[in-house]
Amino acid sequence: MTEDSIKQITLKVQRYNPEQDSTPHFQEFLVPVSRGTTVLEGLLYIKENLDSTLTFRTSCRMAICGSCGMLINNYPHLACHTQIEEFHSDTLTIKPLPNLPILKDLVTDLIPFFNTHKSIKPYTIRHETEEMENPTAEFTQTPQELETFLQFTYCVKCGICISACPTSASDKLFLGPQALAQCYRYCADNRDEGWQERFLLVDTDHGVWHCHLAGACSEACPKGLDPALAIQLLKRRLTSQAIGLRKKQQSSPVASPITETKAKVPFPEFTAKES
Amino acid sequence: MKQMQPRQNYLGPGGWVWAGKYKLERYLYLLHRITGLGILLFLILHLCMTTIFRIQGQDVWEATMALLHNPWFKIGEYLVCAAFIYHALNGLRLILQELGFALGRPTPPVYPYKDALRKKRPWTIAMIAVIAILALVFFYDFIVGGW
Ligand code: SF4
Ligand code: FES
């Protein structure tokens with residue numbers, strides 16, 4: 001890397017130490033940036049070289065753990081998934097995600113958010129308890145059946161959709177786009193039979209019916225999920241259930257035991273030949 | 001060890017207006033609320049006028065009507081009319097889409113990501129165009145009808 005490909009960029013970071021500060025304030029840092037530098041790398045540079053007290057959460061640095069959600073130039077992003085160059089600006093403002101409690105600097109408290117996720121029972125529920133306790137085989141599912149909910153399984157629980165949602169901004173009891181989308185994800189999975197239990201949890205004023213389709217969650221989601229679509233499809237299921245028009249979803253059967261095995265395919269010619 | 005309370009960071013109703021650089025539908029959500037409240041306010045005023053004032057006899061009624069006969073109330077009336085057009089048409093869109101129609105099916109998230117609302121945005125924009133045309137037609141009507 002040549003010297004002149006490195007630019008100096010100002011990162012204006014919101015600081016808040018609950019032990020010392022009564023309100024958050026901003027602190028500016030000058031950070032060297034070259035092509036491809038991510039916002040997370042900028043923050044790590046600050047932590048390593050300028051101010052080791054700067055606090056933020058990160059783990060995978062490849063957009064799969066969902067730790068590093070933050071508000072960058074007034075839009076929620078995963079810091080590891082966002083390059084500084086994208087903003088075409090010499091100053092970046094970095095704040096913690098709104099609508100989530102701040103613990104310190106850029107770290108938000110995700111525990112209540114995870115608890116809401118847990119509350120909608122995000123696991124496969126079946127009526128056959130014996131099969132669930134002592135499984136004999138997998139539940140079968142065709143690729144087409146998988147496609148109906150596959151995109152909603154990519155959620156990394158980063159909280160970005162909560163910070164984008166206008167309803168979450170004013171309704172503290174709202175389940176939020178993440179949990180509602182996951183509710184749909186399990187209800188649409190034909191290996192699952194727990195829709196009755198989950199419908200009771202989301203068919204409330206602070207559940208699906210408080211979503212008024214602002215669509216900001218889907219717009220901001222860094223994993224390309226579409227929580228807004230999932231919530232509307234969930235409303236559709238609830239409505240058709242209420243008026244008695246719901247088509248029954250066939251639960252997938254347990255795979256039948258393997259009775260015959262195919263002969264092993266021999267290694268092709270080009271692989272390791274004994275001399 | 002000292003226990004620290006997390007700092008609450010809800011944006012509150014201010015977050016309806018501004019939470020970052022978002023696209024169209026988030027602002028339609030806000031406008032839907034504002035127009036809804038506006039129409040409700042009008043309805044309450046209207047009911048008050050036509051009941052409480054009316055039963056007090058012709059004099060009171062005529063005095064109220066004279067009070068209302070000024071450009072500001074006319075503008076207000078036009079705004080209620082425009083709000084009604086918006087609330088009705090956007091409401092139809094919401095009913096359709098919230099019941100899962102006109103949104104398409106879930107697709108695998110392939111980059112660049114495109115969510116269902118973004119795919120349908122041309123239709124939403126067409127709806128806004130219809131609202132604008134109707135609002136203009138009514139504006140013309142109000143002007144020609146005399147202030
Ligand atoms: S739905 Fe998207 S934005 Fe919301 S928590 Fe999951 S990955 Fe994050
Ligand atoms: S560090 Fe894991 S998502 Fe950014």
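Residue numbers start from 1 in every chain, and the chains themselves are labelled A, B, ... in the order their sequence lines are given, proteins ahead of strands. Fair warning: this is a prediction, and the values are worked out from it, not measured in the lab.
B:K119 NZ: more than 12 foreign heavy atoms inside a 6.0 Å radius. Taking a 6.0 Å sphere around CH2 of A:W209, one finds it holds more than 12 heavy atoms contributed by other residues, nucleotides or ligands. The environment of NZ in B:K114 is sparse: at most 12 heavy-atom neighbours from other residues, nucleotides or ligands sit within 6.0 Å. Counting heavy-atom neighbours within 6.0 Å of A:Y75 OH, excluding the residue itself, gives a total above 12.
Rounding to the nearest 0.5 Å gives a distance of 6.5 Å between CD of A:E219 and CG of B:D115. Separating the CG atom in A:L234 from the CD atom in B:E98 is a distance of 12.0 Å, to the nearest 0.5 Å. Summarising the geometry, atom OG1 belonging to B:T107 is positioned 5.5 Å from atom CD belonging to A:Q151; distances are rounded to the nearest 0.5 Å. Here CG of A:L213 is found 9.5 Å from CG of B:L28. Values are rounded to the nearest 0.5 Å. B:K23 NZ to A:S218 OG: the interatomic distance, rounded to the nearest 0.5 Å, is 12.5 Å. Atoms NZ and CG, on A:K95 and B:N9 in that order, are 8.5 Å from each other to the nearest 0.5 Å.
Contacts from residues 105-119 of chain A to chain B, taken as heavy-atom pairs separated by less than 4.5 Å, involve A:D109 in sequence order.
For the pair A:S170 and B:P13, the tightest heavy-atom approach, listed with the atom from each and the gap, is CB-N, 4.1 Å. B:Y113 and A:P222 get closest at one heavy-atom pair: CE1-O, 3.4 Å. Across every non-hydrogen atom of A:P166 and B:G15, the tightest pair is CB-O, 4.3 Å. Shown here for B:P106 and A:T148, the closest heavy-atom pair between the two residues is CG-O, 3.4 Å. The heavy-atom pair separating A:Q232 from B:Q97 by the smallest distance is CB-O, 3.4 Å.
Considering only heavy-atom pairs separated by less than 4.5 Å from chain B, the leading option among A:L103, A:D226, A:I102 is A:I102. Chain A forms more heavy-atom pairs under 4.5 Å with one residue of B:L24, B:L103, B:L30 than with any other, namely B:L103. For the options A:L100, A:L150, A:L225, A:L71, heavy-atom pairs under 4.5 Å to chain B are most numerous at A:L100. Between chain A and the residues B:H32, B:R118, B:Q5, B:K21, the largest count of heavy-atom pairs under 4.5 Å involves B:K21.
Interface residue A:A164: backbone and side-chain heavy atoms are both found under 4.5 Å from chain B. There is no contact between A:I162 and chain B, counting heavy-atom distances below 4.5 Å. Both the backbone and the side chain of A:T23 have a heavy atom closer than 4.5 Å to some heavy atom of chain B. Both the backbone and the side chain of B:F101 come within contact range of chain A, with heavy atoms under 4.5 Å apart. For B:R105, the part lying near chain A is the backbone, with the side chain staying farther off; criterion is any non-hydrogen pair under 4.5 Å. At a 4.5 Å heavy-atom cutoff, the contact between A:F152 and chain B is made by side-chain atoms alone. Interface remark: A:K223 contributes backbone atoms only to the contact with chain B (heavy atom separation under 4.5 Å).
Counting heavy atoms from C-beta on, the side chains of A:P98 and B:Y10 never come closer than 4.5 Å.
For the side-chain contact (heavy atoms from CB on, under 4.5 Å) criterion with B:R7, the lone passing option out of A:P101, A:P24, A:P18 is A:P24.
A:T167 and B:Y29 share a side-chain donor-acceptor pair at under 3.5 Å.
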